Amino acid sequence: MMREFFYLQKSDRKVILALLTVIVIALGIILFTGSPSTSSISGTSRDSSHVRNVSKSSLPTRQVERFFFDPNTADSAQLRRLGLQTWQIRNIYKYRAAGGIYREKTDFARLYGLTVKEYRELEPYIRISSDYLPAATLVKESATATAKHDTTFVHHYPQKIAETAHVVLNTADTTELMTVPGIGPYFARKIVQYGQRLGGYVNVDQLDEIENFPAESKRFLVVEGATPQKLNVNKLTLNELKRHPYINFYQAKDITDYRRDLRLLKDFPQAAIERLLPYVTY
């Protein structure tokens with residue numbers, strides 16, 4: 001090969017010599033500085049593994065805090081510190097912008113995405129300002145304060161009448177009716193209202209037509225000089241007639257259709273006519 005080398009052209013020999021020179025110099029540098037050790041390679045591997053571990057486990061996590069807050073006024077930074085998600089904070093802002101108000105702690109539990117565990121952790125720290133409470137609470141507080149300071153306030157109930165006393169049914173008002181044993185504010189109002197619908201009572205037994213009326217109270221009530229209001233069956237309209245408790249829609253329709261003797265109408269049996277007679281005129 002050496003013989004063949006010297007038979008090469010001069011220019012080719014120069015190129016080959018130059019390459020050999022470069023190779024020799026490179027080998028010398030490597031031998032002088034030391035070859036890459038396996039320790040440096042493994043160190044590089046450990047460094048890259050450490051970087052991966054840092055990226056996975058050493059990243060900063062959001063720190064959740066607990067402090068008193070008002071959901072009606074808390075800003076986004078405070079809500080984020082409490083551990084709420086960005087979209088939850090956005091929903092709170094939308095709710096408040098639409099005029100929504102958190103009046104009670106439980107109102108905050110309606111926040112979409114809030115779990116029972118999260119609410120129970122936040123609930124002790126919720127403080128709703130009295131400015132956001134219903135204005136009606138001012139009236140209640142005022143009444144409570146008045147009741148506490150007014151020691152002379154006494155509620156007086158009507159005294160019940162004696163066993164032998166009576167109350168005139170058509171002239172008594174609710175206060176007088178409440179003096180009857182067994183009758184309180186509710187039945188006193190019912191008696192007056194039903195008497196107005198009838199046009200006046202003609203018999204104490206008409207009180208039985210009031211639902212659940214205490215029958216034992218009837219012995220304290222009397223009807224004197226009954227002058228009930230009359231219904232002119234020849235002139236009143238169907239709506240005016242059917243307002244009376246003793247006339248239903250079909251009976252009122254019969255009256256307005258025929259305007260004749262009620263005994264000829266099929267919807268008026270004898271008992272219905274007798275009950276209605278004190279209240280009609282022709």
Side-chain angles (χ1 to χ4, degrees), residues 134-136 138-140 142-143 146-147 153-282:
L138 297 176
V139 179
K140 293 180 181 178
S142 177
T146 302
F153 176 78
V154 179
H155 187 82
H156 295 281
Y157 291 93
Q159 187 176 358
K160 300 299 183 180
I161 60 176
E163 286 290 324
T164 56
H166 295 89
V167 171
V168 178
L169 194 54
N170 284 321
T171 59
D173 58 14
T174 55
T175 302
E176 190 174 359
L177 288 168
M178 283 191 292
T179 63
V180 176
I183 296 179
Y186 173 79
F187 281 114
R189 289 195 303 271
K190 286 293 184 181
I191 291 170
V192 172
Q193 291 169 357
Y194 194 61
Q196 291 171 347
R197 290 182 62 201
L198 285 170
Y201 293 95
V202 296
N203 193 305
V204 175
D205 290 332
Q206 288 177 291
L207 294 172
D208 293 332
E209 297 163 10
I210 299 175
E211 186 176 6
N212 297 324
F213 185 83
E216 64 274 9
S217 299
K218 292 194 297 180
R219 61 192 177 91
F220 297 97
L221 299 163
V222 295
V223 175
E224 295 179 353
T227 55
Q229 297 177 5
K230 302 286 187 177
L231 301 174
N232 191 321
V233 294
N234 286 318
K235 293 183 178 180
L236 295 178
T237 64
L238 183 148
N239 286 332
E240 291 171 330
L241 287 168
K242 71 184 181 67
R243 290 194 190 107
H244 197 278
Y246 295 164
I247 302 177
N248 60 38
F249 171 80
Y250 299 102
Q251 291 171 332
K253 189 173 186 304
D254 278 347
I255 292 172
T256 55
D257 285 346
Y258 297 101
R259 303 287 190 183
R260 60 184 179 179
D261 191 341
L262 297 182
R263 289 173 296 183
L264 302 178
L265 301 177
K266 64 177 182 179
D267 286 320
F268 281 93
Q270 187 62 32
I273 293 174
E274 290 177 359
R275 186 174 69 162
L276 187 58
L277 280 178
Y279 298 100
V280 297
T281 184
Y282 304 94

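Keep in mind that what you see is a predicted model, and the values were worked out from it rather than measured. Note that the numbering runs from 1 along the sequence shown for the chain.
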For Ile183 against Ile191, the heavy-atom pair lying closest together = CD1-CD1, 3.8 Å
Nearest heavy atoms of Leu241 and Ala252, plus distance in Å | CB-CB, 3.9 Å
Is a side-chain donor or acceptor of Thr179 paired with a backbone partner of Gln159 at a separation under 3.5 angstrom?
-> no
Take atom CD of Gln193 as the centre, draw a 6.0 Å sphere, and report whether it contains more than 12 heavy atoms from other residues, nucleotides or ligands.
-> yes
Which is it for Asn170 and Val223 under the side chain to side chain contact (heavy atoms under 4.5 Å, CB included) test, yes or no, and what are the steps along the way?
-> CA-CA 7 Å; Asn170 284 321; Val223 175; 3.9 Å; yes
Closest non-hydrogen atom pair between Val180 and Ser217, with its separation | CG1-O, 3.9 Å
When you look at Lys253 and Lys242, which way does the side chain to side chain contact (heavy atoms under 4.5 Å, CB included) test go after all the steps?
-> CA-CA 9 Å; Lys253 189 173 186 304; Lys242 71 184 181 67; over 6 Å; no
Identify the heavy atoms of Val192 and Ala172 that sit nearest to each other, and give their distance.
-> CG2-O, 4.3 Å
So does Lys218 have more than 12 non-hydrogen atoms from other groups sitting under 6.0 Å from NZ?
-> yes
Output for pair (Leu238 CG, Arg243 CZ), nearest 0.5 Å, gives 10.5 Å
Leu177 side, atom CG; Lys190 side, atom NZ - distance, nearest 0.5 Å | 14.5 Å
Among Gln206, Arg275, Arg197, which one satisfies side chain to side chain donor-acceptor pair (under 3.5 Å) with Tyr246?
-> Gln206
In terms of heavy-atom contacts, Ala165 and Phe220 come closest through O-CD2, 3.7 Å
Please round to the nearest 0.5 Å and tell me the distance separating atom OG1 of Thr164 and atom CD1 of Ile161.
-> 8.5 Å
In this structure, CD1 of Ile255 is separated from CD1 of Ile247 (nearest 0.5 Å) by 4.5 Å
Residues His244, Tyr279; criterion side chain to side chain contact (heavy atoms under 4.5 Å, CB included); working and verdict = CA-CA 9 Å; His244 197 278; Tyr279 298 100; 3.6 Å; yes
Anything under 30° is parallel, anything over 60° is perpendicular, the rest tilted; go ahead and classify Tyr194 against Tyr201.
-> tilted
Validation row: Leu198, Pro245 side chains within 4.5 angstrom (heavy atoms) | yes
Can you measure from NE2 (His166) to CZ (Arg219) and round to the nearest 0.5 angstrom?
-> 8.5 Å
Indicate the atoms forming the closest heavy-atom contact of Ala272 with Gln251, along with that distance.
-> CB-NE2, 4.3 Å
